[in-house]
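On a predicted model such as this, the values are computed, not experimentally measured, just so you know. Residue numbers start from 1 in every chain, and the chains themselves are labelled A, B, ... in the order their sequence lines are given, proteins ahead of strands.
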2 protein chains.
Amino acid sequence: MRLAQQLDYTPNKMAVSLRKRKSDVIGLVLPRVEHYFFSTILKGIISSAQKDNFAVILSESSHIPQKESELIGQLIGMNVSGIILAPCRNEIDNSYIRIMEKNNIPIVLIDRTPKNYQGHFVKMNDFHGAEIAVTHLIQQGYKNIAHIRGHEYSSNAEDRFQGYCNALKIGGLDYNPALVKTCEFVNKEEGYYFTKELLLSGNKPDAIFTVTDEVALGVYKALEEFGLNIPADVGVMGYSNSLVSNYICPRLSTIDQPGIRMGETAYEFLRSALDDEKRIRQKVFEAKLLIRQSSVHHHF
Amino acid sequence: MRLAQQLDYTPNKMAVSLRKRKSDVIGLVLPRVEHYFFSTILKGIISSAQKDNFAVILSESSHIPQKESELIGQLIGMNVSGIILAPCRNEIDNSYIRIMEKNNIPIVLIDRTPKNYQGHFVKMNDFHGAEIAVTHLIQQGYKNIAHIRGHEYSSNAEDRFQGYCNALKIGGLDYNPALVKTCEFVNKEEGYYFTKELLLSGNKPDAIFTVTDEVALGVYKALEEFGLNIPADVGVMGYSNSLVSNYICPRLSTIDQPGIRMGETAYEFLRSALDDEKRIRQKVFEAKLLIRQSSVHHHF
DNA sequence: ATGAAAGCGCTAACAT
DNA sequence: ATGTTAGCGCTTTCAT
């Protein structure tokens, strides 16, 4: 032992893994590593994994399904013990699922899942989140509420849209398809573009609910250009509680998403699967409404 | 070959690595993975590495030097080909450097380096960044410029402080130690605390230069509580161009840090070291001043 | 309790 | 060109 220390001996983990046929390494695939929400998920996973002396290999799909598949393939090839995946679409590549089952590599999905997904996952209740967001707008007296939504292939966007529709119904407002715009890429440029489109249409909204805080940033810009006051002329409601939302003027009402806890939970699920726990683990976090300035209507 | 495909054969990378004595895996140690600046560095590294089919193992030191050492030890134990490290202090643990030299594992430092560091690194010119920031404040007519700085064990904080001093000298203003406050943890709480301290002192500043945008957030809050207008009563200058800085009101003047390019460059340096290029590679990015609203003084 | 040997899955060197 | 074999550094099994 003393000699080992003198010679700076460090055990070779490759050899250990090869022999033990397991690696204490997990793979993580995120759509975009620098996006704040995914950063917080990453934080939760990394800090939990570190406590367990598990390493995490991080990769980025850039929202490209094919790249996601390739990355998963590479991770399997590297003999990771398990994978946490934030999918870029509602569908995930079945060929890899088969290989993973065969090689006994568990996977847990985070943030987004295919419909009726039967495996491990951790996500938010997006339906209810959108519902309480829009219900809040209705309670504030807004009557013509637009929604700038994300693509159908995102289960989150779809669930939020459904929540929006349901809130309208419960609140006694008619659903008007002309007030719903669908982003191609969910970003501020499109928020800006669609807000202008809404404002220039015959039927101007008095509130806008966006699928994401980032989109709301573009909404702010467009409203400012049109000289419209938030929240007096147009109320704005975001989603996901980005860092910026709490500092922009007026401060943006939004829905909180506990990224760190989601990451921790996903890691915990993966660990229990790694420990040969056979039970399927699923967790849906409840959405929390954060009422700030952009949605508080004083004149009604 | 056909049979291999039929059986879903995937080569075992552990065995390959063991045999080839190299792994196509690099290790990355960041102080805080969810911090925006480090996120952008991460982005640059991950996307470059992916193009090369290199995997990256990410870990987080949480600004704790001992943890940093342990993580590097673990990465070495995992036979990573090389390491990119964003150190939490000016000193890095020499025992690991020795082991890395012995095992021929190159390391490139990013963001922060020990004084006169002789190895590979990528960093910003913090001295000059602080200098142009404070010179700008002086040109705007501010005369009593405070600085809320970071700890001495951060080379960035130290360089920025020196840049602040130099700008004062060049601008013909006296250095006043009472106007300099040192954060323990560089965050908005301390920005808030020290701003109140400055405001309640006999010698109230008319501008505050912070070591970080995050600290400036606390400065804003304190100034608001005191009913002071930014930039008319007190100018504020941040550092690092966080996402929030461009949306907060008034928009915060700051120094840009091209995190993605820094990450890409660090990766490139590591790759060339991995390809047995013996030359030491060092890059200092020039700072860029972003003049926004918080530092533009109209009344002089 | 201690030591010897087999073998994890691959590649590089060697022999045919 | 093709086939065979040794061995990367460890753990586990088996024998002492």
Side-chain angles (χ1 to χ4, degrees), chain A residues 1-27 49-50 52-57 59 69-83 95-107 270-271 273-276, chain B residues 1-27 49-50 52-57 59 69-83 95-107 270-271 273-276:
Chain A
M1 289 309 290
R2 181 178 302 148
L3 189 66
Q5 197 135 31
Q6 274 176 10
L7 298 172
D8 292 329
Y9 170 79
T10 39
N12 183 329
K13 287 244 184 188
M14 308 266 102
V16 176
S17 303
L18 182 61
R19 181 68 241 237
K20 288 197 183 169
R21 292 140 153 273
K22 57 185 275 269
S23 64
D24 289 10
V25 175
I26 65 169
Q50 246 160 243
D52 268 7
N53 279 314
F54 264 64
V56 2
I57 295 182
S59 50
S69 296
E70 279 168 25
L71 290 169
I72 292 175
Q74 281 170 31
L75 289 170
I76 295 170
M78 306 192 78
N79 281 6
V80 295
S81 301
I83 290 177
S95 59
Y96 284 113
I97 299 292
R98 203 179 72 240
I99 298 179
M100 293 178 70
E101 273 171 8
K102 196 159 128 185
N103 293 28
N104 210 21
I105 301 174
I107 184 168
L270 187 63
R271 272 317 305 274
L274 255 23
D275 291 344
D276 275 324
Chain B
M1 287 310 289
R2 180 177 301 147
L3 189 65
Q5 198 135 31
Q6 273 176 11
L7 299 171
D8 292 329
Y9 169 78
T10 39
N12 184 329
K13 287 243 185 191
M14 309 265 100
V16 176
S17 304
L18 183 60
R19 182 65 240 238
K20 288 198 181 170
R21 293 136 152 272
K22 57 186 276 269
S23 63
D24 288 8
V25 176
I26 65 169
Q50 244 159 246
D52 269 6
N53 280 314
F54 264 65
V56 2
I57 294 182
S59 51
S69 296
E70 279 168 25
L71 289 169
I72 292 176
Q74 281 170 31
L75 289 171
I76 295 171
M78 305 193 79
N79 281 5
V80 294
S81 301
I83 291 177
S95 59
Y96 284 113
I97 299 292
R98 204 179 70 239
I99 298 179
M100 293 179 69
E101 274 172 8
K102 197 159 128 184
N103 294 26
N104 208 21
I105 301 173
I107 183 168
L270 188 63
R271 273 315 306 274
L274 255 24
D275 292 343
D276 275 325

**Check against side-chain contact (heavy atoms from CB on, under 4.5 Å), A:Ile26 and A:Val56** = CA-CA 5 Å; A:Ile26 65 169; A:Val56 2; 3.9 Å; yes

**Prompt:** Under the side-chain contact (heavy atoms from CB on, under 4.5 Å) criterion, do A:Asp24 and A:Asn53 qualify, and how do the steps go?
**Reply:** CA-CA 8 Å; A:Asp24 289 10; A:Asn53 279 314; 5.9 Å; no

**Steps toward side-chain contact (heavy atoms from CB on, under 4.5 Å) verdict (B:Tyr96, B:Ile107)** = CA-CA 11 Å; B:Tyr96 284 113; B:Ile107 183 168; over 6 Å; no

**Request:** Assess whether side-chain contact (heavy atoms from CB on, under 4.5 Å) is satisfied between B:Val25 and A:Met78, documenting all intermediate values.
**Result:** CA-CA 10 Å; B:Val25 176; A:Met78 306 192 78; 3.4 Å; yes

**Complete:** Given protein heavy atoms under 4.0 Å, the one-letter contact record of nucleotides 4-14 of chain D, with B base, S sugar-phosphate only and - none, is simply --BBBBBBS--

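Contact detail for A:Ile105 and A:Gly82: the closest heavy-atom pair is CG2-CA, 3.7 Å.
Comparing the end axes of the helix from C:dG3-D:dC14 to C:dC14-D:dG3, each fitted to five base pairs by superposing C1' atoms of four pairs onto the next four, gives an inter-axis angle of 50° (nearest 10 degrees).
How far CZ of B:Arg21 is from OG of B:Ser81: 13.5 Å, rounded to the nearest 0.5 Å. The line from CG of B:Asn79 to OG of B:Ser17 is 8.0 Å long, rounded to the nearest 0.5 Å.
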